Number of protein chains: 2
Amino acid sequence: MASVVKISRRKATARTPMREPRVRLEVEERRRQLIELGLQHFGERAYDDVSIDAIAEAAGISKGLLYHYFPTKRAYYAATVREGAARLVASTDTGEGADPLVSLDAGLDAYLTYVKAHAKAYATLMRSGVGVDPEIARIVDETRATFVERLIAGFAGSQSSGFLDAPVVRLALRGWVGFAEAASLGWVEAIAAGTPTPSQDEVRALLGGAMMEIVRSALRGLTREAARG
Amino acid sequence: MASVVKISRRKATARTPMREPRVRLEVEERRRQLIELGLQHFGERAYDDVSIDAIAEAAGISKGLLYHYFPTKRAYYAATVREGAARLVASTDTGEGADPLVSLDAGLDAYLTYVKAHAKAYATLMRSGVGVDPEIARIVDETRATFVERLIAGFAGSQSSGFLDAPVVRLALRGWVGFAEAASLGWVEAIAAGTPTPSQDEVRALLGGAMMEIVRSALRGLTREAARG
DNA sequence: CCCTCTATTGACTGCTGTTCAATACGCCCT
DNA sequence: AGGGCGTATTGAACAGCAGTCAATAGAGGG
């Protein structure tokens, strides 16, 4: 944990030109620094537009060292996406609320606040990352699944909780996550563009309402199905 | 339009080894061929995993020629995405139906059929493409906007058509497009994985029902808002 | 003060996107 | 038929970047 770093400076003379002295960090600290830099860079530019050299230079290290910590550029990128997703999940975890509806609203509000605060990075990570590598797609999908699980857990004990495992309902919930992503992206983009924009409360109400209606719609189809067959 | 191609063959001798004779195509034809190849390759592999050399080899041309038709790899990729999006839009255009509801159902059915038929390519294009270049993101966004416009046009003349331009409703519709994409992706993935899967009719009903409810929900919030303020 | 352990370097490789001057194929004119 | 011309096409050369590896230096311990 010793975050104390000793640096031995040297004089720059005519014979031996000034070289940046090595800065030796502990493994975990270096790793954190690199992931932090990755979040910054990949949050602003597309994957292809971020070079390992640029990261290394920004970190003040050599390219080779980065490959000591991450086997490939994709693995490095995957690590940053994993971190970003973890932060998103953590920041929207409102714990076990007494009332699932209140809990849902709190979670959505935290989600929107997060998206608004990290608009560009959120957009870049969610949009740009997926195509680069199956591994990254898996991470994003698992993050979405986490949200779905959370939603289902919130509604366990509700009247028709038995139907919540039905394929249609799972599909509906997955779709709703897509709805939330698209709507929130549109929201922050509209804010950035300066066009007339609904308030965060309105958007939250929209997302919450949409979820109720989507699930209800799926359940309705389900019971209609059950009544027939 | 002359699609007749004359090929002059040569004998392969010991002194002058067999070389593939040049095949000279007209500009439009070559362009079509390349875009078709692009749809195939980018539909199966991620952007980075498709090399210009591979495309050139598959087309039986030199790498340089491809750069005669497209200035950069990204531009080439953008052209293929544009073509793919155009086909999707065209194949789901059911014309002006008498009843907007019937028209909606027909459009959704065509959409799902298309997605199921081009599952892999659809997934790759929609997921992978966006992050590569702002240009591609613009194309995808415009495609989504086209769907939204179509939906709105279908419901013009409906009772509360005056509210359809409200920011909340536009956001709701954009969100619904995200919903449709996520749900249909989940659907075809579930089919591919062999897990229990709703029928196409069920999914169509889910999408249609969700749209009605989402828009209704957004409008309800709107009128409530109007009543207050 | 030296020794060791390892975080760190930097030069090297190979692949891939991109450029460009040269080339050859097909068409048209005589 | 054949020669000239326009242009589709080539292929070699360039540049930049991901990834490799043997060598190095800096810090901590004996």
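What's counted below: heavy atoms across the whole structure, side chains too, no hydrogens, waters or symmetry copies. Since this is a predicted model, take the numbers as computed values, not measurements.
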Set of residues satisfying salt bridge (charged side-chain N to carboxylate O under 4.0 Å, His left out) with respect to [X], sequence neighbours excluded:
| X | result |
| --- | --- |
| A:Asp53 | A:Lys63 |
| A:Arg30 | none |
| A:Glu189 | A:Arg127, B:Arg174 |

Using modelled atom types and a 3.5 Å cut-off, is there a donor and acceptor pairing between side-chain atoms of A:Trp176 and backbone atoms of A:Ile214?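 No, because the side chain of A:Trp176 does not come within donor-acceptor range (under 3.5 Å) of the backbone of A:Ile214.
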Within residues 38-49 of chain A, which residues have any heavy atom lying less than 4.0 Å from an atom of DNA chain C? none
Please work out which residues in residues 62-71 of chain B have a non-hydrogen atom less than 4.0 Å from an atom of DNA chain C and list them by number. B:Lys63, B:Tyr67, B:Pro71
I need the [atom1]-[atom2] distance between [X] and [N], as an integer number of Å.
| X | N | atom1 | atom2 | value |
| --- | --- | --- | --- | --- |
| A:Tyr77 | D:dG19 | OH | P | 15 Å |
| B:Glu26 | C:dC25 | CD | P | 18 Å |
| B:Asp53 | C:dT18 | CG | P | 12 Å |
| B:Arg24 | D:dG6 | CZ | P | 13 Å |
| A:Tyr76 | D:dG19 | OH | P | 13 Å |
| A:Gln33 | C:dT8 | CD | C1' | 13 Å |
| B:Ile52 | C:dT18 | CD1 | C1' | 10 Å |

Let me have the donor-acceptor pairs involving side chains of residues 44-52 of chain B, under 3.5 Å, with sequence neighbours excluded, atom names and distances please.
| from | atom 1 | to | atom 2 | distance (Å) |
| --- | --- | --- | --- | --- |
| B:Asp49 | OD1 | A:Arg74 | NH2 | 3.0 |
| B:Ser51 | OG | B:Ala54 | N | 3.0 |

So which heavy atom on A:Leu207 is nearest to which on A:Ala180, and how close?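 Closest pair (atom of A:Leu207, atom of A:Ala180, distance): CD2-CA, 3.9 Å.
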Output all residues satisfying side-chain contact (heavy atoms from CB on, under 4.5 Å) with [X], sequence neighbours left out; order by chain, then residue number.
| X | result |
| --- | --- |
| A:Ala78 | A:Arg82, A:Glu135, A:Ile136, A:Ile139 |
| A:Asp93 | A:Arg150 |
| B:Ala119 | B:Val188 |
| B:Ala182 | none |

For nucleotides 13-15 of chain C, print each protein N/O atom paired with a nucleotide N/O atom at under 3.5 Å, atom names and distance only.
none

Taking only Lys NZ, Arg NE, NH1 and NH2, and the carboxylate oxygens of Asp or Glu, determine whether [X] and [Y] approach each other closer than 4.0 Å.
| X | Y | result |
| --- | --- | --- |
| B:Arg204 | B:Asp201 | yes |
| A:Asp141 | A:Arg138 | no |
| B:Glu83 | B:Arg32 | no |
| A:Arg170 | A:Glu149 | yes |

Restricting to nitrogen or oxygen on both sides, can you table the protein-nucleotides 1-4 of chain C pairs closer than 3.5 Å?
none

If you compare every side-chain N and O of A:Arg30 against the phosphate oxygens of C:dT8 (OP1, OP2), does one of them come in below 4.0 Å? yes
Of the options C:dT8, C:dT18, C:dA24, whose atoms approach the side-chain atoms of B:Lys73 most closely?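 So the nucleotide nearest the side chain must be C:dT18.
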